[in-house]
**Student:** 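There's a structure below that I have some questions on.
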Amino acid sequence: MRSRKHRLRRPKRREDGGNVKWLVTFADLITLILVFFVLLFSMSHINSSKFQKLVGSMDKTLASEKTKDVHSKESQGEVQSTMNSDELLAYIKGKLKKNNLDDKIAAKKDSRGVVLVLQEQILFPTGEANLVSESRPFLNKIGEIIKELPNVIRVEGHTDKRPIRNSYYPSNWELSTARASSVIQYLSEAYNINSSRFVAIGYGDTKPLKISNQEEEMKKNRRVEIVISDLNN
């Protein structure tokens with residue numbers, strides 16, 4: 001047998017340069033890392049005075065935008081009041097005086113909140129619960145006030161002690177409740193106020209302002225009280 005001769009062959013050199021491509025990728029990575037650290041270094045040396053001026057400018061801009069937003073909501077009747085009862089009373093008295101209603105609608109404050117007192121004669125015929133047309137100017141001004149506030153509104157009907165019994169109202173309880181409901185219906189419909197904000201209460205003759213048999217005194221007991229509830233209650 002003829003012996004085979006094994007020849008040593010030199011490895012062929014690659015012509016495409018593939019054995020150095022990884023160096024290019026590595027160099028790109030090193031460059032990116034270098035850029036990253038340069039950015040970090042530059043950010044750590046921001047001029048503090050310039051930075052504070054920038055922050056101050058941004059604060060002023062944000063404050064200005066907030067003020068504009070509040071004014072916009074006020075113009076749309078969407079003010080969310082944070083006034084306490086004293087501030088609210090002063091605000092409402094100012095509104096009533098401005099519209100020449102301070103001699104027709106009494107405003108006071110008690111444990112319930114701010115209370116507006118409207119006498120029977122400017123709202124209803126005696127013994128009835130249907131609003132007279134003359135009541136609208138008064139209720140309209142009240143509607144303009146309360147639609148801007150977030151408070152719960154309690155409308156309380158009151159009568160004098162003279163008994164009533166007819167086909168509509170078996171007693172003063174029903175009459176006083178019906179009157180409170182009539183006021184709520186008008187305000188909620190005329191001013192698109194959510195009815196869930198209202199509470200109707202009829203007290204009949206159980207909470208008189210005056211204890212007397214004189215007509216002038218009893219007349220003061222026939223009233224509707226609109227209570228703008230204290231937000232803290």
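The basis for the numbers below is simple: all heavy atoms, side chains too, and nothing from hydrogens, waters or symmetry mates.
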**Student:** Lys109 and side chain to side chain contact (heavy atoms under 4.5 Å, CB included): which single residue from Leu88, Leu89, Ile92, Asp230 fits?
**Tutor:** Leu89
**Student:** Quick check on the hydrophobic clustering: are Tyr91 and Ile105 connected, directly or via other members, by side-chain heavy-atom contacts under 4.5 Å?
**Tutor:**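 Yes, because Tyr91 and Ile105 connect within a single hydrophobic cluster, where side-chain heavy atoms sit under 4.5 Å apart.
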**Student:** So how far is it from Gln214 CD to Met218 CE, rounded to the nearest 0.5 Å?
**Tutor:**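 Rounded to the nearest 0.5 Å, the CD-CE separation comes to 9.0 Å.
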**Student:** Say whether Val183 and Leu101 are linked into one hydrophobic cluster, either directly or through other cluster members, by side-chain heavy-atom distances under 4.5 angstrom.
**Tutor:**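 Val183 and Leu101: one cluster.
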**Student:** To the nearest 0.5 Å, tell me how far Glu148 CD sits from Ile193 CD1.
**Tutor:** 10.0 Å
**Student:** Quick one: NZ on Lys93 to CG on Leu96, what's the gap to the nearest 0.5 Å?
**Tutor:** 9.5 Å
**Student:** Side chains of residues 128-143: which donor-acceptor partners sit under 3.5 Å, not counting sequence neighbours?
**Tutor:**
{"from": "Ser135", "atom 1": "OG", "to": "Val132", "atom 2": "O", "distance (Å)": "2.6"}
{"from": "Asn140", "atom 1": "OD1", "to": "Tyr186", "atom 2": "OH", "distance (Å)": "2.6"}
{"from": "Asn140", "atom 1": "OD1", "to": "Tyr191", "atom 2": "OH", "distance (Å)": "3.4"}
{"from": "Asn140", "atom 1": "ND2", "to": "Arg136", "atom 2": "O", "distance (Å)": "3.1"}
{"from": "Lys141", "atom 1": "NZ", "to": "Asn99", "atom 2": "OD1", "distance (Å)": "3.2"}

**Student:** Contact between Val155 and Ile201 at the side-chain level, heavy atoms closer than 4.5 Å - yes or no?
**Tutor:** no
**Student:** Which heavy atom of Asn100 sits nearest a heavy atom of Asp103, and at what distance?
**Tutor:**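 Answer, listing the atom of Asn100 first, then Asp103: O-OD1, 3.5 Å.
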**Student:** Is a side-chain N or O of Asn221 found less than 3.5 angstrom from the main chain of Lys161, in a donor-acceptor match?
**Tutor:**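 Flag not set: sc Asn221 to bb Lys161 has no pair under 3.5 Å.
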**Student:** Counting C-beta onward and ignoring hydrogens, is there a side-chain heavy-atom pair between Leu187 and Phe198 closer than 4.5 Å?
**Tutor:** yes
**Student:** Going through the distances and angles, do Arg222 and Asp160 end up as a salt bridge (Lys or Arg N to Asp or Glu O under 4.0 Å)?
**Tutor:** CA-CA 5 Å; Arg222 301 193 297 270; Asp160 60 26; 2.7 Å; yes
**Student:** With a 4.5 Å heavy-atom cut-off, do Val115 and Ile226 have their side chains touching?
**Tutor:**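 Counting from C-beta outward, Val115 and Ile226 never come under 4.5 Å.
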**Student:** I need the Ser196 OG to Ile153 CD1 distance, nearest 0.5 Å.
**Tutor:**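 Taking OG in Ser196 and CD1 in Ile153, the distance rounds to 11.5 Å.
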**Student:** When Ile, Leu, Val, Met, Phe, Trp and Tyr are grouped by side-chain heavy atoms lying under 4.5 Å apart, directly or through other members, which residues fall in the same group as Leu175?
**Tutor:**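 Answer for Leu175: Ile164, Tyr168, Tyr169.
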**Student:** Can any side-chain N or O of Ser176 pair as donor or acceptor with the backbone N or O of His158 at less than 3.5 Å?
**Tutor:**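 Such a contact is absent between Ser176 side chain and His158 backbone.
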**Student:** CG of Leu116 to NZ of Lys95: how many Å apart, nearest 0.5 Å?
**Tutor:** 13.0 Å
**Student:** Are Leu209 and Phe124 connected in a single hydrophobic cluster, I mean Ile/Leu/Val/Met/Phe/Trp/Tyr linked by side-chain heavy atoms less than 4.5 Å apart?
**Tutor:** no
**Student:** Output yes when a side-chain donor or acceptor of Asn151 lies under 3.5 Å from a complementary backbone atom of Ser229, and no otherwise.
**Tutor:** yes
**Student:** Flag yes if Leu118 and Val227 sit in one hydrophobic cluster, no otherwise; membership is Ile, Leu, Val, Met, Phe, Trp, Tyr, and two members link when side-chain heavy atoms are under 4.5 Å apart.
**Tutor:**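 In one cluster: no.
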**Student:** If you count heavy atoms of other groups shown closer than 6.0 angstrom to CG of Asn194, is the number above 12?
**Tutor:**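 Correct, the count exceeds 12.
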**Student:** Picking from Lys207, Arg223, Arg179, Arg112, what satisfies salt bridge (charged side-chain N to carboxylate O under 4.0 Å, His left out) with Glu156?
**Tutor:** Arg112
**Student:** Do Lys219 and Gln121 come close enough that some side-chain heavy atom pair is under 4.5 Å?
**Tutor:** yes
**Student:** Okay, side chain of Thr159, backbone of Gly204: is any donor-acceptor separation there less than 3.5 Å?
**Tutor:**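 Present.
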**Student:** How many angstroms lie between CZ in Arg197 and CZ in Arg154, if you round to the nearest 0.5 Å?
**Tutor:** 14.5 Å
**Student:** Determine whether a donor-acceptor pair (N or O, by modelled atom type, separation under 3.5 Å) exists between the side chain of Thr177 and the backbone of Glu174.
**Tutor:** no
